[in-house]
Engineer: 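Here it is, the structure, as structure tokens.
In the text below, chain A, chain B and the rest are named by the order of the sequence lines, each starting its count at 1.
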There are 2 protein chains.
Amino acid sequence: MELYFLGTGAGAPSKERNVSAVGLRQPRTGRWWLFDCGEGTQHRMAESPFKWNRLEAVFITHLHGDHVFGLPGLLASRSLLGLTSPLAIFGPSGLRGYLESVFQFTDTHLGFALEVEEIGDGWARTFACGWTVRCGKLCHSVESLGFRVEEPPQPGRFHPDKALALGVEPGPAYARLKRGETVVLPGGRIVAGRDVTDPPRPGRRVVLLGDTEPCTGALTLAEGADLLVHEATFLSRDEPLARRSRHSTAAEAADLARRAKAGKLVITHLSPRYAGRELELLAEARAVFPATEMAIDGSSFRCDPHP
Amino acid sequence: MELYFLGTGAGAPSKERNVSAVGLRQPRTGRWWLFDCGEGTQHRMAESPFKWNRLEAVFITHLHGDHVFGLPGLLASRSLLGLTSPLAIFGPSGLRGYLESVFQFTDTHLGFALEVEEIGDGWARTFACGWTVRCGKLCHSVESLGFRVEEPPQPGRFHPDKALALGVEPGPAYARLKRGETVVLPGGRIVAGRDVTDPPRPGRRVVLLGDTEPCTGALTLAEGADLLVHEATFLSRDEPLARRSRHSTAAEAADLARRAKAGKLVITHLSPRYAGRELELLAEARAVFPATEMAIDGSSFRCDPHP
């Protein structure tokens, strides 16, 4: 699993940071999901490793302009490119009305089926790739959602030396044992997958939160995340601004990661007011939660399988 | 008067050409008007000579997405930048509903008064800078407008040698004569402005047309333009595509410029299908109307005063 940041700024685009958009790439297939779609996301995509025909789903955290103004253009371009496969979009109440309204006024007709699903707190779905997405409600000036992406438990490590010692020759039987199945050897001996593999490993958990101030909903979603993406719009010394606009400071994002026992925190959605001195945001977060990284446009973060 | 092209492509953005937007800069003041606002226009503005606080008005030719998807973000950013002066926007029927609808769904509240005026065929207004804008209806798959910007007649050239010969000493009297006024010399002699200046020169006429196929409305608007901006979405060999989507070929744009007796034609809104071989579009137009230029993103074209 790999996150790729297409836009990492808050509010308005700057030369350094475009407005919000993050891609989550699936291993091997190259398929990817998009989280939020600020204006210019399709332009950033053109400079990214993402392919249009591998975009599988779009998740919208909330309907503020810096998270959705790029959506109509992205969908229209996908259509103009001749892609006809359906596309699923998930987001809060109002998402369907927003898109329908824009498309009506601009006489936009998509050449593919757009499957808009308005979702809320507690929604969950398991996708074809095996990942489950759970949705939770955050605390912001408009309805804002967070997404917890969970990989199913992965098979434990296979030990070919143990299999060999039990008399299993390399070949198709190995694949079955890796999957946890049981094989019967020519002499009648029975070998179970669990005899030659470690116990299943927990799947990875990547959590992406929309704009939010610290709240229980955010903590619940982030619990035990291997990789947590959290907004850090302000420095603590500008906390009054954070409260007024219902955002988080870098220290608050880090505190949430610490309380949730996250493996790694990536801060994003930085206010353009800190251009040129954003390392202050990173330092503030690291003082609370050392395993913090700061996203920049074009940066990517891997979430490796558990050992 | 100077045109600056922020986006020159049709339909969807490409790496080379963003979607439609053109700025028209006023001499001296640095004030400017924006014509159309495709997605990413505000990003291109950041790389252009235009200043946010000098944007005086926005004109929209039609409501197709590649001409308006950047408008909500541009307005939201202008507000976030703290600009509080009113902004006037002119465009076809539906423009107000589009913006109101987007702002309602995305909970966008501008910190300045947005004065949306829906206009149509025959609308005209004279602005503070002295320019008059006339609006005419074109022929496209949705209501599409063209704009004719007319500078008022300019004072004729002043001849200081003639003034001196008539006994006028250099000084404040010269300024009055330049303005066409009459001065009375100390000895009682009367000198009129017309005695020492050439006749008034016609003002410049810049015409920017929205998407259109060839039609009378386009010809009427373009009549005698010093500088005509016309779409040239297709090559003539793809004329069936032009007819189906109600666009023009490069040859048709050039033919209109020729029939309108335009001074110069700038073709824009080129289909991404011609990426890498756009000079074919230019060649096709020049074969019909030699005084043709092709806009690229970031290019500018001056319209100099009449001699």
Side-chain angles (χ1 to χ4, degrees), chain A residues 7 10-16 18-19 37-47 52 60 62-82 92-110 140-143 271-273, chain B residues 7 10-16 18-19 37-47 52 62-82 92-110 140-144 271-273:
Chain A
S14 68
K15 282 191 186 179
E16 295 75 25
N18 198 29
V19 281
C37 188
E39 181 183 355
T41 296
Q42 62 170 322
H43 300 71
R44 289 293 165 108
M45 257 180 67
E47 303 157 4
W52 280 96
I60 299 296
H62 66 299
L63 293 184
H64 274 161
D66 58 333
H67 297 253
V68 299
F69 281 163
L71 200 44
L74 179 119
L75 298 173
S77 291
R78 186 180 193 268
S79 182
L80 283 170
L81 283 167
S93 170
L95 177 60
R96 183 182 292 109
Y98 165 63
L99 289 173
E100 283 179 355
S101 171
V102 168
F103 288 157
Q104 188 183 324
F105 278 110
T106 60
D107 197 39
T108 303
H109 304 277
L110 301 180
H140 190 46
S141 53
V142 296
E143 187 184 358
S271 168
R273 76 182 54 226
Chain B
S14 68
K15 282 191 186 179
E16 295 74 24
N18 198 30
V19 280
C37 188
E39 181 182 354
T41 295
Q42 62 170 321
H43 300 71
R44 288 292 165 108
M45 258 179 66
E47 303 156 5
W52 279 96
H62 65 299
L63 294 183
H64 274 160
D66 57 333
H67 296 252
V68 298
F69 280 164
L71 199 45
L74 180 120
L75 298 172
S77 291
R78 185 181 192 269
S79 182
L80 283 170
L81 283 167
S93 170
L95 177 60
R96 183 181 292 110
Y98 165 63
L99 289 173
E100 283 179 354
S101 172
V102 168
F103 288 158
Q104 188 182 326
F105 278 111
T106 60
D107 197 40
T108 303
H109 305 276
L110 301 180
H140 190 47
S141 53
V142 297
E143 187 184 359
S144 182
S271 167
R273 76 183 55 226

Engineer: To the nearest 0.5 Å, what is the distance between CG (B:Leu71) and CZ (A:Phe69)?
Structural biologist: 9.5 Å
Engineer: Among A:Gly94, A:Ser79, A:Ser141, which residue has the highest count of heavy-atom pairs closer than 4.5 Å to chain B?
Structural biologist: A:Gly94
Engineer: Could you check whether any side-chain heavy atom of B:Thr106 comes within less than 4.5 Å of a side-chain heavy atom of A:Val68, counting everything from C-beta outward?
Structural biologist: yes
Engineer: Mind ranking B:His62, B:Glu47, B:His67, B:Gln42 by heavy-atom pairs under 4.5 Å with chain A and telling me who comes out on top?
Structural biologist: B:Gln42
Engineer: Using a 4.5 Å cut-off on heavy atoms from C-beta on, say whether the side chain of B:Leu63 contacts that of A:Asp107.
Structural biologist: no
Engineer: Measure A:Leu99 against the heavy atoms of chain B and call it side chain, backbone, both or neither at under 4.5 Å.
Structural biologist: neither
Engineer: With a 4.5 Å cut-off on heavy-atom pairs, point out which of A:Pro72, A:Gly65, A:Ala46 contacts chain B the most.
Structural biologist: A:Pro72
Engineer: Side chains of A:Asn18 and B:His43: donor-acceptor distance under 3.5 Å anywhere?
Structural biologist: yes
Engineer: How about B:Phe105 and A:Leu95: do any of their side-chain heavy atoms sit closer than 4.5 Å?
Structural biologist: no
Engineer: Output the distance between atom CG (A:Leu80) and atom CZ (B:Arg273), rounded to the nearest 0.5 Å.
Structural biologist: 10.0 Å
Engineer: Examine whether an atom of B:Thr41 lies under 4.5 Å from a heavy atom of chain A, and if so say whether it belongs to the side chain, the backbone or both; otherwise answer neither.
Structural biologist: backbone
Engineer: Do you know which two heavy atoms are closest between B:Gly40 and A:Glu39, and how far apart they sit?
Structural biologist: N-OE2, 2.7 Å
Engineer: When only pairs under 4.5 Å are counted, which of B:Pro272, B:Gly73, B:Pro13 shares the most heavy-atom pairs with chain A?
Structural biologist: B:Pro13
Engineer: Only pairs of heavy atoms separated by less than 4.5 Å count here; which of B:Gly70, B:Gly38, B:Ser14 has the most with chain A?
Structural biologist: B:Gly70
Engineer: Can you tell which part of B:Ala76 gets under 4.5 Å to a heavy atom of chain A, answering side chain, backbone, both or neither?
Structural biologist: side chain
